[in-house]
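Some notes on the structure that comes next.
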Amino acid sequence: MVVVFMANSSKTKYIFVVGGVMSGIGKGVTVASTARILKDYGFRVSAVKIDPYLNVDAGTMNPTEHGEVFVTEDGLECDQDIGNYERFIGDNILRDNYMTSGTVYKAVIDRERNLNYGGKCVQVIPHITDEVERRLLNVGRKNKADFVLVEIGGTVGEYENLLFLETGRIMKLKMPDQIMFMLVSYFPIPEMVGEMKTKPTQHAVRAMNSAGIQPDIIIARSSQPLDDIRKQKVSIFCNVSAQNVISAPDISSIYEIPVNFEKDHLGSRIMEKFNLKPKEKNSRSWNNFVKKVKSSSKTVRIGIVGKYFGTGDFTLADSYISVIEAIKHAAWSLNLKPEIVWLNSESYEKNPKQLEELKDLNGIIVPGGFGKRGVEGKIMAINYVRKNNIPFLGLCYGLQLAVVEFARNVCGMADAHTTEVDPKTTKPVITTMPDQLVNIKEKRMGGSMRLGAYKCKLNLNFQSSKLYGVNLISERHRHRYEVNNAFRPVLEKKGLVVAGINPERNLVEIIEWSHNKFFVATQFHPELKSRPLDPHPLFRGFIKAAAK
Ligand code: GLN
């Protein structure tokens, strides 16, 4: 076996973040929060997510199983954690910052097929680990980053993520003063015992050790902060100094996590590890934002009409995380406390009387979606809010179904539909462009939608352009279907406003119905670009109208 040592001249520091004990304890927000702290110290920060599964990207996965599919500016369908990184850091994260085992293996196998390994035997080690390392070094270089945080999906001890831990181990061997490891672990407080238990974390550290890695810092997730006795115990048993055990108790808003981490001096601990000093301390805007989150008291109730009702509220919150966060950002910026209500579109199909519940809400969102299930219920909900002048924001499928509703009920085209649901409709008001038809026919479904940032030219006379305050914008997309231009004259004649157009291909990007307080729908996903310190203008406009 030949181990190739790669030259590394840059001094980017890499912080590998791994999970212990169990998943779902907030590794992603830990990475995002740590990145925020380092950014506020004046460093250039980037963050990478590694998912150990074999899918080449997240686009082919069901949101009920894996949560929302996030989309980067450059059109990669990836894990929702990238969304958290963007929201906390405030910068765009691009496709290079996401990889799966599938991506990595595919790159190596493609290279082998092209004879690029010069006749060598291609092996998991070093060729796969080299490829992971190459990608990580590339992120540091491209972003001119002082720090790259690397989140390894899954939990230590799992077979799937071993190769990525191995890459971390090898990188530490090659550049010891540039690498550190952080373990995010869970400390249960079993009811029958009534005290916090450290044993599961001790085992997690053992599992890391057997991969040749020692954590430098342990982030202790629990319902409560760790007391000094526990910190000492973790220190002795896990071979970490007590001050490097950072409490991460449950809190009501994830945005408070950086503030909480700093109470235990996480930033200073990282500085000490790398022998660095903060270039500045600039956490004022974040801290002020967190104060605002806590002080907002007047409630605004927003309903989300969806279908991903697989396993209750958790699934929903995960499937629509960017929408939820965008609502929150906008509400807080207006000193309002957001309350989100889940509305099951299928229940309207079974019992139309239930639509009356929409009256109790301040505003309704019909978010993105795919396929047939629950579609008629969504159309019924759009019809109801349009007729009853309830503020409405439609996102992607939300726009498409609003067009269907309008075509059916205002333009008298009873058969109007999207060809996604009814390929034989005589009034295909929503349909595919010819290039997408080829993808569907040839079953080229992965990574082949209209993805990532596209320009949109705004029609100056309408609400959306007033909210944006400019006439050319760029927003992110993820869809295969579009408004059918053949039907635009009829729709517009009946009063549907086309308020934004993609200039290159003349595609409808925003529609409005000017008779209502707020009735705006977008073909793109504005929620993907909302940031806590920079709420999205359309969401702000929507929430403002809802609160009136
Ligand atoms: N299913 C629709 C399409 O593919 C909408 C997708 C979405 O809402 N993201 O065009």
Side-chain angles (χ1 to χ4, degrees), residues 57-64 66-73 75-80 83 304-308 316 318-324 326 345 364-379 381-382 392-405 407 416-423 425 428-441 443-454 456 475-485 487 502 505 507-511 520-530 536 538-539:
D57 59 40
T60 52
M61 280 187 284
N62 185 339
T64 45
H66 197 76
E68 173 190 87
V69 178
F70 193 76
V71 184
T72 60
E73 278 290 290
L76 180 76
E77 297 167 285
C78 58
D79 185 80
Q80 52 172 321
I304 299 180
V305 184
K307 71 157 184 185
Y308 294 121
L316 287 170
D318 255 19
S319 306
Y320 298 118
I321 179 165
S322 292
V323 178
I324 296 166
S345 62
I364 296 293
I365 290 181
V366 175
F370 292 84
K372 193 176 182 154
R373 184 156 71 83
V375 154
E376 288 305 321
K378 289 183 191 177
I379 296 171
I382 296 168
F392 166 74
L393 181 62
L395 308 170
C396 204
Y397 217 12
L399 171 139
Q400 297 174 357
L401 299 178
V403 170
V404 171
E405 189 279 323
H417 221 320
T418 160
T419 53
E420 178 174 358
V421 177
D422 180 5
T425 171
V429 289
I430 305 293
T431 192
T432 38
M433 303 282 286
D435 51 336
Q436 285 298 346
L437 222 52
V438 179
N439 286 335
I440 296 172
K441 236 185 224 143
K443 282 206 149 188
R444 274 193 306 220
M445 304 308 258
S448 65
M449 287 188 237
R450 178 144 82 105
L451 290 169
Y454 284 86
C456 168
E475 292 279 4
R476 295 185 202 169
H477 292 249
R478 180 176 185 251
H479 53 98
R480 222 178 276 287
Y481 296 79
E482 311 277 352
V483 174
N484 187 342
N485 280 338
F487 287 91
N502 169 267
R505 294 176 74 180
L507 299 168
V508 173
E509 304 283 45
I510 307 178
I511 60 157
V520 177
T522 61
Q523 186 54 80
F524 49 80
H525 289 275
E527 70 272 20
L528 300 178
K529 286 179 70 168
S530 175
H536 195 283
L538 288 185
F539 275 85

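Values below: every heavy atom of this structure, side chains too, minus hydrogens, waters and symmetry copies. Just so you know, ligand 1 is whichever comes first in the structure, and atom 1 is the first atom listed for that ligand. Counting begins at 1 with the first residue of the sequence.
Nearest protein heavy-atom neighbour of atom 10 (O) of ligand 1: Y481 N, 2.8 Å. Among all protein heavy atoms, the one lying closest to atom 5 (C) of ligand 1 is G369 O, 3.3 Å. Of the protein's non-hydrogen atoms, the one nearest atom 7 (C) of ligand 1 is C396 SG, 3.1 Å. The single protein non-hydrogen atom nearest to atom 4 (O) of ligand 1 is R480 N, 3.0 Å, given as residue, atom name and distance. Here the heavy atom of the protein found nearest to atom 9 (N) of ligand 1 is R478 O, 2.8 Å. The nearest heavy-atom contact from the protein to atom 2 (C) of ligand 1 is E420 OE1, 3.2 Å.
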- [ ] Could you please spell out the steps behind the side-chain contact (heavy atoms from CB on, under 4.5 Å) verdict for Q400 and Q523?
- [x] CA-CA 7 Å; Q400 297 174 357; Q523 186 54 80; 3.2 Å; yes
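Side-chain atoms of E475 and H536 include a donor-acceptor pair closer than 3.5 Å. Counted by atom type alone, R480 and S448 present one or more donor-acceptor pairs between their side chains at under 3.5 Å.
The side-chain hydrogen bond (donor to acceptor under 3.5 Å, both in side chains) with S322 is formed by just one residue from the set E68, R476, Q80; it is E68.
Using a 4.0 Å cutoff on heavy atoms, H525 counts as a contact of ligand 1.
Among the atoms of F370, none of the N or O lies under 3.5 angstrom from an N or O of ligand 1.
Between E73 and K529, at least one side-chain nitrogen of the basic residue sits less than 4.0 Å from a carboxylate oxygen of the acidic one, meeting the salt-bridge criterion. Of the charged side-chain nitrogens involved, none lies within less than 4.0 Å of a carboxylate oxygen, so that E527 and R478 do not count as a salt-bridged pair. A salt bridge does not link R505 to E482: none of the charged side-chain nitrogens sits closer than 4.0 Å to a carboxylate oxygen.
Close contacts of ligand 1 with H479, meaning ligand atoms under 4.0 Å from a residue heavy atom, involve 3 (C), 4 (O), 6 (C), 10 (O).
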